[in-house]
Amino acid sequence: MSSQDGSLVAGPGRCCSAVPFCCSASGHTSNALEPARERAAGPWSSHDQRDAEEADTRLLIAELCKQFYHLGWVTGTGGGVSIRDGHNIYIAPSGVQKERLHPINMFVLDYPSFQPLISPPACSGPLRPSQCTPLFLAAYRIGIDRPGAEVGSVIHTHSPEAVDVTILCELRGEDAFVITHHEMIKGIRRNSGEYHRYQDELVIPIIDNTPQERDLEESLSEAIRRHPEAPAVLVRRHGLYVWGRSWRDAKTQCECLDALFNATIRARLLGCDMRFPPAGSKYLHDRKSTEAGPLRFPEPQQQ
Ligand SMILES: CSCCC(=O)C(=O)COP(=O)(O)O
Ligand SMILES: [Zn+2]
């Protein structure tokens, strides 16, 4: 299923219709590649239902990656999406054209043991799971370790806005992105579930990049420990990891964060510092931070 240039070729006609999910590997017996909404109406067993849901998750990852490619988030093969459906975690392969994934290309791991369950069939070509796998699992672990937290999806982007904002913070000698008083903050949840409000202070930690993606695991896990409410971690000069209770949640947060990074960069060009509330904010008495520490307030004006 991979062409000579290494890009993936979708081939249900050649492979999957004859070998559903290449069921020698998965144990499935029906054509699970058809999404639920497209399957013929008829009597459904719970096994059919389960197959259809699994097919939907695989297809969803392929669709989201295509969408994210066109946003510039998963270009040059890097970045990706992982989705958990109950006890199954789905992860795309490494180093492939992420906008050309096919549902059978996904790896499946057990949740919460993280043991490998299903690899793509041989006809997919020699695929390896995404290098982001240990980082995705570090985020899923939040939902296991913390009462009240739940992680159902993790997204890794190489969004230019995310990269630029880490460079802005680098110039300021800061190891966290901070913003307050912006509408899109309201789309971001704390890991405990509560949404931020417009006037709250959102803090997203930044870790240093490493030559190998997998070597980010330790510092990402450390950032998660030190910032227990942050639903994302920025990687300096590299990109963003963001997670949510569902894929919709993770995607929404990714979009809101991208808008906040963008706004920060543009505001900076206009001479505005989004780390602080605007002069005369009426909500200074009623603010919370993602952090346990003190809120940031504007420097007193020089006379
Ligand atoms: C040019 S991509 C470099 C590696 C990287 O940053 C990455 O996110 C790799 O993801 P993959 O899923 O392709 O292993
Ligand atoms: Zn990456």
Side-chain angles (χ1 to χ4, degrees), residues 1-2 5-10 21-22 25-26 54 57-85 87-122 124-143 151-159 162-163 207 209-221 224 232-235 238-244 247 250-251 253-254:
M1 294 282 283
S2 54
D5 67 357
S7 65
L8 293 160
V9 181
F21 259 51
C22 277
S26 69
E54 183 173 355
T57 306
R58 290 165 173 267
L59 189 63
L60 190 54
I61 291 182
E63 284 178 1
L64 289 172
C65 281
K66 186 183 281 188
Q67 213 174 326
F68 293 171
Y69 172 82
H70 291 291
L71 291 170
W73 290 1
V74 298
T75 52
T77 74
V81 184
S82 167
I83 297 177
R84 176 172 70 83
D85 178 13
H87 289 287
N88 287 354
I89 292 175
Y90 294 83
I91 291 178
S94 179
V96 300
Q97 311 289 315
K98 292 290 186 343
E99 76 283 16
R100 292 177 58 78
L101 289 170
H102 186 268
I104 65 161
N105 300 140
M106 310 303 162
F107 289 80
V108 187
L109 276 63
D110 176 69
Y111 177 91
S113 73
F114 300 155
Q115 289 304 307
L117 290 179
I118 303 175
S119 293
S124 286
L127 298 178
R128 285 170 292 112
S130 169
Q131 288 181 49
C132 315
T133 300
L135 301 133
F136 291 151
L137 299 186
Y140 282 119
R141 219 167 270 128
I142 298 170
V151 179
S153 177
V154 191
I155 298 172
H156 171 45
T157 79
H158 292 177
S159 147
V163 174
I207 58 173
N209 198 28
T210 52
Q212 295 293 326
E213 189 98 20
R214 61 176 175 269
D215 294 332
L216 291 167
E217 184 190 355
E218 202 178 309
S219 52
L220 184 111
S221 299
I224 289 171
V233 172
L234 280 158
V235 186
H238 179 160
L240 174 73
Y241 279 86
V242 55
W243 49 90
W247 68 267
K251 176 173 173 287
Q253 303 205 132
C254 208

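Because the structure is predicted, anything quoted here is derived from the model rather than measured.
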If I compare all heavy atoms of [X] with all of [Y], which pair ends up nearest, and what's the gap?
X      : Y      : answer
Pro112 : His87  : CD-ND1, 4.2 Å
Pro103 : Leu59  : CG-CD1, 3.8 Å
Ser94  : Pro129 : CB-O, 3.4 Å
Val96  : Leu127 : CG1-CD2, 4.0 Å
Leu101 : Cys65  : CD1-SG, 3.8 Å
Trp243 : Val233 : CH2-CG2, 3.9 Å

Out of curiosity, [X] [atom1] to [Y] [atom2], how far, rounded to the nearest 0.5 Å?
X      : Y      : atom1 : atom2 : answer
Ile155 : Cys132 : CD1   : SG    : 12.0 Å
Arg84  : Leu109 : CZ    : CG    : 13.0 Å
Ser119 : Ile104 : OG    : CD1   : 12.0 Å
Ile207 : Leu135 : CD1   : CG    : 7.0 Å
Glu99  : Thr77  : CD    : OG1   : 9.5 Å
Asp110 : Ile118 : CG    : CD1   : 11.0 Å

Short question: side chain of [X], backbone of [Y] - any donor-acceptor pair under 3.5 Å?
X      : Y      : value
Lys98  : Gly79  : yes
His156 : Leu240 : yes
Ser153 : Ser82  : yes

If we only count heavy atoms from C-beta on, is the [X] to [Y] side-chain gap below 4.5 Å?
X      : Y      : answer
Tyr69  : Arg100 : no
Met106 : Thr57  : no
Val74  : His158 : no
Phe68  : Cys254 : no
Ile83  : Leu64  : yes
Val108 : Arg58  : yes
Tyr140 : Val154 : yes
Ile224 : Tyr241 : no

- So Tyr90 and Asp85, side chain to side chain contact (heavy atoms under 4.5 Å, CB included) or not? Walk me through it. CA-CA 8 Å; Tyr90 294 83; Asp85 178 13; 4.0 Å; yes

Checking side-chain contact (heavy atoms from CB on, under 4.5 Å) between Tyr111 and each of Val151, Ile89, Asn88, which is the one that passes?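 With Tyr111 as partner, side-chain contact (heavy atoms from CB on, under 4.5 Å) holds for just one option, Ile89.
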
